Chemist: 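Quick one: the structure is below, and I'll ask about it shortly.
From a predicted model like this one, the values you see are computed outputs, not experimental measurements. Counting begins at 1 with the first residue of the sequence.
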Amino acid sequence: MEKRYAFAEDSSMSESGTAVPMVSLEQLQKEWPLLRLRVEQLEAGNKTLEADLKALRSLLERVIEHRQRSHNELVLLLAGLVTKLPMNDVGGIVAKLVEHNTNVTQYLAALSKGSAEMDMPQPVVLRSLEESRRELLAAQQPLLEELLRLETPLEQDLLEALRQDPEQFFSPRMVRANRCFIKGQVARERVVRDFGQEVLGLFNDLTTDPKLNPRPKPEEIMLGFKSDFEALLQQQTTLPPAKREQLAALYQKVQRSRNAPETARAQRIAFQKLSFLLDLLHYYEHQNTESPDVIFAQRLPALIEQLVLTGPRNGLDKDLLAQAEEMLAHVVNPDHRQMIINNLGKTDPAARTLKFVLKLRTARLEEADAVIPEFIRHLVPGHKVPPASEVLPLLRHIPPATQALVIKGLITCERVRKDDAEEVGKQLSAELGLKNLVEEVKAEPALPPEIERQMAWSKIKDLIARRSDPATVAAAIRERLNSKYDTEEIRQSWLTLIDAEPLTFIRIFCQVPYRSDGRTDGIARPVLETYVTRLVHEKYAATYRKVVNSLRTLFAAKPDSPTLVNFVALVRWVSPEAADRLAHDIGMTVAAH
């Protein structure tokens with residue numbers, strides 16, 4: 001009893017050391033069932049809460065996972081839609097979408113699992129860019145090997161550096177070396193570095209000019225070998241024999257690159273292909289800073305022209321055309337690829353022929369219908385049908401189905417005599433194995449004037465929709481109005497123009513008066529006068545507001561914009577009152593009369 005009492009006494013002390021009232025055995029036995037029931041209730045409630053928490057966590061994880069998947073799908077859909085827009089920075093926008101999706105995925109994963117499972121499929125445009133980069137890097141290696149094998153005047157260490165770092169192609173030293181290779185010259189800095197100052201007397205300074213360029217930078221001076229270089233080299237006694245041999249070898253390389261047709265042609269082709277690939281790779285690596293207009297409208301079209309038109313200008317080479325298409329296949333965006341083709345032949349008729357051939361080689365039949373009329377106008381610049389011997393080599397480069405369409409277009413061309421066109425059509429059909437084309441054209445029923453008019457203007461609408469050059473669209477409008485000049489045709493031309501975007505309308509309007517030879521078309525003034533009268537009429541107030549807004553934007557960005565100045569000048573040419581109103585609405589200074 002004493003021991004139990006002592007235990008009870010010890011157990012009656014609280015943690016703080018204060019005494020706790022003792023509970024008797026009878027009271028404990030009486031309250032024990034109630035206490036046990038309450039404990040069981042608490043345990044049951046705890047299990048219920050644990051089950052609810054597990055269910056809530058599972059539901060939260062499912063919601064987060066669904067959110068991740070739906071956000072991934074949304075980003076892929078947006079990336080696909082963005083790539084279809086005619087935008088310059090598609091790659092940058094898609095990259096931002098992917099980065100945003102990555103951040104969202106990581107945050108959502110941190111709420112549940114603490115780590116992100118990056119299993120999102122990559123957008124097609126980014127996959128294409130990565131594949132194109134790999135293909136471009138792989139394709140440049142054989143070209144570098146070929147340039148080394150052909151022993152071009154280019155410095156070997158520069159070509160070797162491109163293997164590891166393609167960006168070296170745009171370094172100042174490489175740019176000067178490329179210019180020297182194209183022109184058959186040698187950089188002064190290379191001569192001084194490799195052979196010393198004493199050999200400068202063997203060269204002519206092609207850069208320094210007493211009036212135009214009296215003090216050029218030393219690294220920018222280009223030298224050309226003197227006509228009696230070999231005799232002067234023999235007289236150079238201060239040059240070591242090894243250096244003399246190297247200088248003589250450089251001279252021979254430059255001469256072969258300029259005067260040996262086959263060697264020079266092979267070197268130029270390899271160089272142009274390498275330049276194309278490296279320019280394209282540079283753009284894909286620096287899309288945020290490089291302008292696509294500079295690359296795809298200026299640099300790459302010139303390289304394609306130099307690649308294909310390296311040989312004689314009496315025809316197109318089938319192998320070079322295939323190589324040009326191989327180069328174009330590396331361009332990811334179809335719009336950029338079409339931009340390159342559209343900008344061929346700005347000044348050279350042969351390059352313009354190349355543009356149409358490339359278009360017809362890749363276009364579907366429904367697309368070829370819009371290209372063929374323009375191609376026919378190029379083949380028939382005057383009123384005389386070209387001989388079959390000139391057209392036949394071009395037709396051999398395009399598919400047979402398109403050949404038939406071109407011949408039919410030539411037969412029905414309104415610029416030439418019908419008998420002459422049919423005779424040339426028969427000759428071309430016989431050479432290409434296309435039978436009964438002339439008979440098919442004759443057997444085709446004549447279309448009602450209204451249907452024929454709708455089809456003609458539908459083709460011009462297609463030209464506008466495909467963002468063709470404004471001069472090309474204006475030429476098509478002039479040709480149609482010259483062949484069918486009446487009130488209904490002018491009305492249809494106006495309706496076709498106002499369906500276009502305001503800036504496109506303005507640019508085409510500015511090109512309507514001017515023919516390809518620089519002269520003003522005879523119908524230009526009455527046609528433009530009709531256009532201006534309709535433009536300022538209240539019936540077309542919506543069109544007028546859109547045009548004024550576009551012109552106001554041009555004026556705010558550049559008050560002396562050629563497009564703005566030409567448009568206002570043409571409006572003043574046909575209606576000074578309309579020009580004054582237009583200038584006032586734009587915010588320009590109204591000329592005093």
Chemist: Has H282 got a side-chain atom pairing as donor or acceptor with L278's backbone, closer than 3.5 angstrom?
Modeler: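 No; zero donor-acceptor contacts below 3.5 Å.
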Chemist: side-chain hydrogen bond (donor to acceptor under 3.5 Å, both in side chains) with T472: which of R377, Q511, E374?
Modeler: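 Between T472 and the candidates, side-chain hydrogen bond (donor to acceptor under 3.5 Å, both in side chains) is satisfied uniquely by E374.
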Chemist: For D228 and A231, indicate whether the former's side chain and the latter's backbone hold a donor-acceptor pair under 3.5 Å.
Modeler: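 Not confirmed, D228 side chain does not pair with A231 backbone.
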Chemist: So which atom in N343 and which in E305 form the shortest heavy-atom distance, rounded to 0.1 Å?
Modeler: O-OE2, 4.2 Å
Chemist: Between R244 (side chain) and L233 (backbone), is there a donor-acceptor pair under 3.5 Å?
Modeler: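 Answer holds: yes.
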Chemist: Which heavy atom of L344 sits nearest to which heavy atom of P301, and what is that distance?
Modeler: CD2-O, 3.3 Å
Chemist: Keeping Q403 on the side-chain end and I398 on the backbone end, is there a donor-acceptor pair under 3.5 Å?
Modeler: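 The answer is yes, because a donor-acceptor pair under 3.5 Å joins these two groups.
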Chemist: Check whether any side-chain heavy atom of F509 lies under 4.5 Å from a side-chain heavy atom of T563, and answer yes or no.
Modeler: no
Chemist: Pick from E146, Q140, Q323: which one makes a side-chain hydrogen bond (donor to acceptor under 3.5 Å, both in side chains) with K273?
Modeler: Q323
Chemist: Take the angle between the ring planes of H336 and F296 and call it parallel below 30°, perpendicular above 60°, tilted in between.
Modeler: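 Rings of H336 and F296: parallel, as their planes differ by under 30°.
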Chemist: Search all heavy atoms of L307 against all heavy atoms of L320 and return the closest pair with its distance.
Modeler: O-CD1, 3.7 Å
Chemist: Given the rule in the side-chain contact (heavy atoms from CB on, under 4.5 Å) test, do V294 and Y283 qualify, once you have shown the distances and angles that lead to the verdict?
Modeler: CA-CA 10 Å; V294 175; Y283 172 76; over 6 Å; no
Chemist: Taking L206's backbone N and O only, do any of them form a donor-acceptor pair with N204's side chain (distance below 3.5 Å, no angle check)?
Modeler: no
Chemist: Less than 4.0 Å between a side-chain N and a carboxylate O, is that true for K426 and E423?
Modeler: no
Chemist: Nearest 0.5 angstrom please: N342 CG to I340 CD1, how far?
Modeler: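 Those atoms lie 10.0 Å apart.
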Chemist: So do R133 and E285 actually touch side chain to side chain, heavy atoms under 4.5 Å?
Modeler: yes
Chemist: In the structure I gave you, are the side-chain heavy atoms of T238 and Q236 within less than 4.5 Å of one another anywhere?
Modeler: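 Yes - at least one pair of side-chain heavy atoms lies under 4.5 Å apart.
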Chemist: Any carboxylate oxygen within less than 4.0 angstrom of a Lys/Arg side-chain nitrogen, looking at K243 and E198?
Modeler: no
Chemist: Tell me whether the NZ or CZ atom of R268 lies within the 45° cone about the ring axis of F181 and under 6.0 Å from its centre.
Modeler: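 Yes, R268 lies over the aromatic ring of F181.
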Chemist: Taking all atoms of both residues into account, what is the closest heavy-atom pair of Q272 and L303, and its distance?
Modeler: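 It is OE1-CD2, 3.0 Å.
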Chemist: Is there a side-chain contact between I506 and N566, using heavy atoms and a 4.5 Å cut-off?
Modeler: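 The answer is no, as the side chains (C-beta and beyond) never meet within the 4.5 Å cut-off.
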Chemist: Indicate the atoms forming the closest heavy-atom contact of P513 with C510, along with that distance.
Modeler: CD-O, 3.7 Å
Chemist: Check this for me, if you would: do R163 and E145 make a salt bridge, where the nitrogen-to-carboxylate-oxygen distance has to be below 4.0 angstrom?
Modeler: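 Salt bridge present between R163 and E145.
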Chemist: So, R507 side chain and P470 main chain: donor-acceptor pair closer than 3.5 Å or not?
Modeler: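 No: the side chain of R507 does not pair with the backbone of P470.
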Chemist: Is a side-chain donor or acceptor of S561 paired with a backbone partner of A557 at a separation under 3.5 angstrom?
Modeler: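 Pair absent, no side-chain N/O of S561 close to backbone of A557.
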Chemist: Do we see a donor-acceptor contact under 3.5 Å between the side chains of S257 and Q267?
Modeler: yes
Chemist: Would you say the side-chain atoms of R361 pair up with the backbone N or O of H397, donor to acceptor, closer than 3.5 Å?
Modeler: yes
Chemist: Heavy-atom distance under 4.5 Å between the side chains of Y284 and L136, does that happen here?
Modeler: yes
Chemist: State whether R256 and E151 are salt-bridged, where the test is any N-O pair (Lys NZ or Arg NE/NH1/NH2 against Asp/Glu carboxylate O) under 4.0 Å.
Modeler: yes
Chemist: What I'd like to find out is whether the side chain of K346 reaches to under 4.5 Å of the side chain of Q298, using heavy atoms alone.
Modeler: no
Chemist: Less than 4.0 Å between a side-chain N and a carboxylate O, is that true for E189 and R173?
Modeler: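 Salt bridge absent between R173 and E189.
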Chemist: Donor-acceptor check, side chain of S468 to backbone of L463, threshold 3.5 angstrom: yes or no?
Modeler: yes
Chemist: Do L405 and L360 come close enough that some side-chain heavy atom pair is under 4.5 Å?
Modeler: no
Chemist: Which atom names give the shortest non-hydrogen contact between K226 and F203, and what distance separates them?
Modeler: CE-O, 3.4 Å
Chemist: Are L428 and V406 close enough, and set up right, to give a side-chain contact (heavy atoms from CB on, under 4.5 Å), and what steps lead you there?
Modeler: CA-CA 10 Å; L428 293 172; V406 173; over 6 Å; no
Chemist: Under 30°, 30 to 60°, or over 60°: which ring-plane class applies to F225 and Y251, parallel, tilted or perpendicular?
Modeler: perpendicular
Chemist: Counting distance only, does the side-chain N/O of S171 pair as donor-acceptor with the main-chain N or O of Q168 below 3.5 Å?
Modeler: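 Yes, because the side chain of S171 sits within donor-acceptor range (under 3.5 Å) of the backbone of Q168.
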Chemist: Between L358 and L321, is there a side-chain heavy-atom distance shorter than 4.5 Å?
Modeler: yes
